[in-house]
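Report on the following structure.
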Amino acid sequence: MNELDNLYMEIILDHYKFPRNKADLSHIADEYLHENPSCGDSLKLELVVGGDGKIGSVCFDGHGCAISTASASLMSERLIGKTPEEARRLIDVFLKVLRGEENSDSLEEWGDLMVLGGVTQFPLRVKCATLAWHAARKSLASCTE
Amino acid sequence: MISGVFSVDSKAELGEEIREEFPLLANNSELAYLDNAATSQKPESVLSAMNRYYREENANVHRSLYKLAEISTLALENSRAVVRQYLNAASSQEIIFTKSSTEGLNLCAWSLGELLLSPGDIVLVSALEHHSNFVPWQQAANRADAKLVAIPVNEDATLNIDFLETLEKDGRAEKIRILAVAHISNAFGTIHPIRAISAWCRKHDITMVLDAAQSLPHFPIDVQATGADFLVFSGHKTYGPMGAGVLWGHEKWLEKMPPWQTGGEMISTVRLEKSTWNELPYKFEAGTPNVAAVVGLAAALNWMIATGLSRLETRELKLGEHAYEKLVSVKGLKLYGPVDLNQRRGVFSFNLEGIHSHDVAQYLDKAQIAIRSGHHCAQPAMRHLGIQSTARASLAVYNTIHEVDRLVDAIVGAREYF
Ligand SMILES: Cc1ncc(COP(=O)(O)O)c(C=O)c1O
């Protein structure tokens with residue numbers, strides 16, 4: 001089961017079992033659900049930009065597999081403290097890596113998040129790993145500076 | 001010729017050697033292919049029939065007078081005759097080749113919708129339908145300013161048939177023009193009481209469309225005995241190739257229905273301002289058909305007949321019983337669908353407590369066990385039952401008791417892993 005361990009790294013399983021920044025977002029209407037149409041996973045995201053122009057909090061809620069939950073959890077940690085512009089750049093790099101358009105070495109300085117680079121070896125799971133990131137990108141697009 | 005190893009009347013039980021007739025499986029001895037509700041594997045006789053068609057019989061059909069065109073046309077029409085006989089349809093004119101169940105259902109929804117639906121009418125479906133038998137009706141209803149109503153689902157993934165009485169009492173039954181329902185649910189394996197439903201349709205003068213995509217692979221169907229007006233199935237789920245499916249419809253309806261797609265083959269005369277339509281079934285077969293796939297579909301039905309329909313069913317029932325008993329005994333596993341084995345077939349949808357179905361499926365993949373995970377194109381059903389997704393193992397005749405045991409062992413392994 002070695003190859004499997006490359007996907008389900010300890011960090012991923014840890015974030016799956018103990019997701020960070022997961023909160024009850026039932027106050028957000030269902031029309032703001034971000035869905036992965038191929039599997040039915042869905043996620044809500046709340047991203048708050050503070051007075052200092054930086055992202056103060058990122059919360060998510062929803063149903064997902066280990067990969068999508070861990071990815072959302074890891075992402076939330078990463079985006080907090082960034083400006084929307086910085087966050088957008090990070091998201092673009094991440095999506096490029098997961099699409100295979102950029103080498104996963106680009107994630108090397110991303111700390112724990114690097115483990116998600118392993119998902120590229122499981123093409124059918126890429127959608128799981130990117131759900132939260134697409135959601136964040138949408139939220140940021142609607143937040144004008 | 002069909003290369004059946006067994007004769008039809010053979011009483012001997014079908015054994016695991018049946019797996020060897022499927023090249024993909026014979027070449028992957030470790031693969032436990034348990035995603036048969038998505039598509040089945042194909043026996044050698046199907047592959048060779050298609051191969052032979054392209055090597056020896058390929059020409060366009062119904063158009064030219066040379067010998068090869070005649071042979072190709074014959075290959076198509078002989079396949080139609082095989083399907084007619086298999087379904088016990090009244091005539092070959094009632095057999096329309098499509099690319100799949102989805103296409104057959106879209107044809108019905110567009111053409112029957114145009115013929116029958118007026119503002120304020122109702123189309124009745126069930127909340128358990130595959131999106132293919134749901135979205136086309138939703139759209140047809142929208143086009144006609146009619147309403148889509150869904151029969152609700154019980155906790156055990158059976159249909160709440162009492163709802164039909166409600167529809168009678170509140171007067172809505174009188175507005176229903178079309179009822180579209182699956183024979184077997186692809187998400188949960190529930191067998192729906194289609195005879196009772198068709199009798200009810202008769203009573204209220206409702207046209208019934210039966211989605212047999214998940215039932216035809218498991219047992220033969222006499223379309224005239226179903227009481228339905230239309231039936232669809234997909235060749236690729238029935239040991240045949242992708243790219244060929246069937247729509248059977250009552251001639252009385254097909255005659256009245258407007259064509260869905262237009263173009264070559266389906267016309268009689270074409271003038272600048274107006275065209276007239278070819279006779280049945282060609283009115284509904286616009287353009288060059290996928291003859292090789294149709295030939296493969298007929299070869300698949302012939303393969304089932306040659307192997308023995310009751311032997312196929314007996315073997316599958318045994319596998320199903322074994323799978324059911326094993327799965328319900330796994331700690332932390334929730335198996336969906338009816339408890340009564342007579343009310344279900346082929347499909348085992350489940351979840352492991354606290355583990356997402358994707359992760360279960362990924363774990364099983366490493367053990368060379370292929371199952372599906374997700375919503376199975378049945379989001380309304382999932383929503384009804386309050387679940388996001390399930391893992392789904394689905395059986396075909398070439399599966400083995402050992403494969404089922406491997407499935408269960410790997411599920412237990414997944415439970416420990418996550
Ligand atoms: C019940 C049911 N209806 C319709 C379909 C659609 O079949 P196809 O994709 O072959 O058109 C499926 C396939 O999964 C099915 O299970």
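Values in this document were obtained by computation on a predicted structure and should not be read as measured data. First the proteins, then the strands, lettered A, B, ... as listed; each starts at 1.
- Atoms CD1 and CZ, from B/Ile184 and B/Arg344 in turn, are 11.0 Å apart once rounded to the nearest 0.5 Å.
- Centroid-to-centroid, the aromatic rings of A/Tyr8 and B/Phe418 come within less than 6.0 Å.
- For chain B, the nearby part of A/Leu7 is the side chain; its heavy atoms alone come within less than 4.5 Å.
- For B/His131 and B/His375, the ring centers are positioned less than 6.0 Å apart.
- Contacts of B/Gln388 with chain A are made by both backbone and side-chain atoms, with heavy-atom separations under 4.5 Å.
- Heavy-atom pairs under 4.5 Å with chain B were tallied for A/Leu13, A/Asp41, A/Leu124; the largest tally goes to A/Asp41.
- With a threshold of 4.5 angstrom between heavy atoms, A/Ser42 approaches chain B through its backbone and through its side chain.
- A/Asp112 has no carboxylate O lying under 4.0 Å from a charged side-chain N of A/Arg78, or vice versa, which leaves the two without a salt bridge.
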